[in-house]
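Before any comments, here is the structure.
In listed order, ligands and their atoms are each counted from 1. If you're wondering where the values come from, they're calculated on a predicted model, not measured in any experiment.
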Amino acid sequence: MTFREDGYAAVDWAADYLERVADLPVLAQVEPGELSARLPDRPPERGEPFANILRDLDDVLLPALTNWQHPRFFAYFAVTSSEPGILAELIAATLNQVAIVWRASPASTELELRVADWVRQLLGLPEGWHGHIEDTASTSTLAALIAARHVTERNVVVCSEHAHSSVDKAARMLGMELRKVPADEALRMRVGDDLRFDDVAAVVPTIGTTSFASVDPVRELAERAHADGAWVHVDAAYAGPSWICEEERRSQDGVELADSLVVNPHKWLLVPMDCSLLWTSRPDDFRRAFSLVPEYLRTPEDAYALSEYGPALGRRFRSLKLWAVLRCYGRDGLQRILREHIRLADLFAEWVDADPDWELVAPQRFSLVVFRRNGSDEENEAILERVNASGELFISHTRLNGRYVLRLAIGNARTTEDDVRRAWEALKRASR
Ligand SMILES: Cc1ncc(COP(=O)(O)O)c(C=O)c1O
């Protein structure tokens with residue numbers, strides 16, 4: 001077999017998978033270690049045809065896949081790897097650009113800057129911000145905290161009790177002190193009169209918290225943080241893409257004051273994992289924190305190297321998939337999909353709200369519904385385990401004031417109203 005024939009077979013496999021994914025169980029129906037037991041202990045001595053890989057995808061790996069592309073994947077934050085993004089990943093691997101400095105990949109460097117700026121425009125963010133791509137929001141936030149510490153020469157990070165664990169992890173890795181501020185009844189970081197930032201390196205408000213999609217008061221926090229000389233890094237990893245819809249920009253209030261902002265196209269902008277956009281209004285400070293150019297990387301041209309703006313030297317061609325998705329969907333195509341997700345979440349929330357046996361436990365925001373069945377934590381946990389084990393849908397949970405609550409997140413482009421209705425019916429059945 002040749003690369004071309006194997007390639008056709010691989011694309012056929014991918015197309016077939018996407019056609020049948022709705023008929024597969026959403027959550028992998030295997031026990032821990034079950035796949036390991038089927039994988040040879042020893043590496044292969046001799047090469048074998050690529051066709052064997054495709055065969056084993058079906059026979060060995062498929063049962064151990066949790067199908068993130070399934071239309072009834074409602075756990076964590078549901079995502080979509082869209083067809084243009086999938087094909088662009090194939091091309092990116094083919095080209096294997098390693099953008100360490102501009103001349104190592106002028107295309108990757110310049111396309112990344114351009115598409116980061118396209119998304120900035122699509123989301124209605126301030127002109128002049130510098131954007132680049134990191135692998136994940138965890139890395140973007142780590143990078144922002146490094147820049148903040150470098151500039152402020154302080155060692156404290158402040159976020160809400162509901163901030164994502166990536167903030168805790170970044171602070172821990174950097175040896176910075178983390179101060180968690182309690183949230184108010186609306187699950188927003190509480191801004192009391194005594195909240196001071198005069199020894200703080202970075203304040204990290206979240207727009208769209210992981211558990212509840214709540215929105216911290218960014219403007220108030222940013223004004224106070226700046227008055228006290230602290231950096232403001234906004235985490236809109238999940239909710240940021242919603243700003244492509246103008247009517248969703250009410251959650252953007254104060255973002256223009258941010259020193260840095262992270263938004264994940266791999267969460268809610270149809271780009272395959274991984275692609276995290278990190279913008280800053282202070283690119284020179286980022287460069288001062290990260291630039292380190294050894295002799296062997298010096299070049300005569302005075303050109304841009306994105307490796308001077310973040311932790312990684314070798315950077316892969318992530319902008320290609322973002323470029324493909326933006327061009328193949330356009331603003332209106334993306335708006336249509338996100339608006340439908342928000343409509344479906346609102347609809348599900350209405351069903352929950354109208355049923356006396358169930359309750360909404362957090363204000364309805366974006367495409368996430370947080371709810372519970374009236375009853376004990378154990379009953380709610382049993383409902384979750386039952387529906388997930390059925391393979392029909394996959395949801396996840398969190399805790400609010402110690403109580404076990406269920407989360408249904410809509411984010412897959414294939415999800416229809418029928419899928420959401422099936423999920424609701426399955427939840428009600430599981431609760432009886
Ligand atoms: C608000 C928020 N920030 C950060 C992250 C971390 O994202 P990543 O997996 O890209 O590191 C998540 C993940 O769900 C999130 O919800």
Every pair of nitrogen or oxygen atoms between ligand 1 and the protein that is under 3.5 angstrom apart - can you list them with their distances to 0.1 Å?
residue	atom	partner	partner atom	Å
ligand 1	3 (N)	Asp235	OD1	3.2
ligand 1	3 (N)	Asp235	OD2	2.6
ligand 1	7 (O)	Lys267	NZ	3.2
ligand 1	10 (O)	Ala137	N	2.8
ligand 1	10 (O)	Asn264	ND2	2.9
ligand 1	10 (O)	His266	NE2	3.2
ligand 1	11 (O)	Ala137	N	3.4
ligand 1	11 (O)	Ser138	N	2.9
ligand 1	11 (O)	Ser138	OG	2.5
ligand 1	14 (O)	Lys267	NZ	3.3
ligand 1	16 (O)	Thr210	OG1	2.8

* Is the side chain of Asn412 donor-acceptor paired with the backbone N or O of Val79 at a distance under 3.5 Å, no angle test? -> yes

* Donor-acceptor contact below 3.5 Å, side chain Ser307 vs main chain Ala99 -> no

* What residue pairs, at least two apart or across chains, pass side-chain hydrogen bond (donor to acceptor under 3.5 Å, both in side chains) with a residue in residues 27-36? -> none

* Using 30° and 60° as the class limits, which term best fits the ring planes of Trp13 and Tyr17: parallel, tilted or perpendicular? -> parallel

* For Glu256, all residues meeting salt bridge (charged side-chain N to carboxylate O under 4.0 Å, His left out), sequence neighbours excluded -> Arg219

* **side chain to side chain donor-acceptor pair (under 3.5 Å) partners of Arg429, counting only residues at least two apart** => Glu392

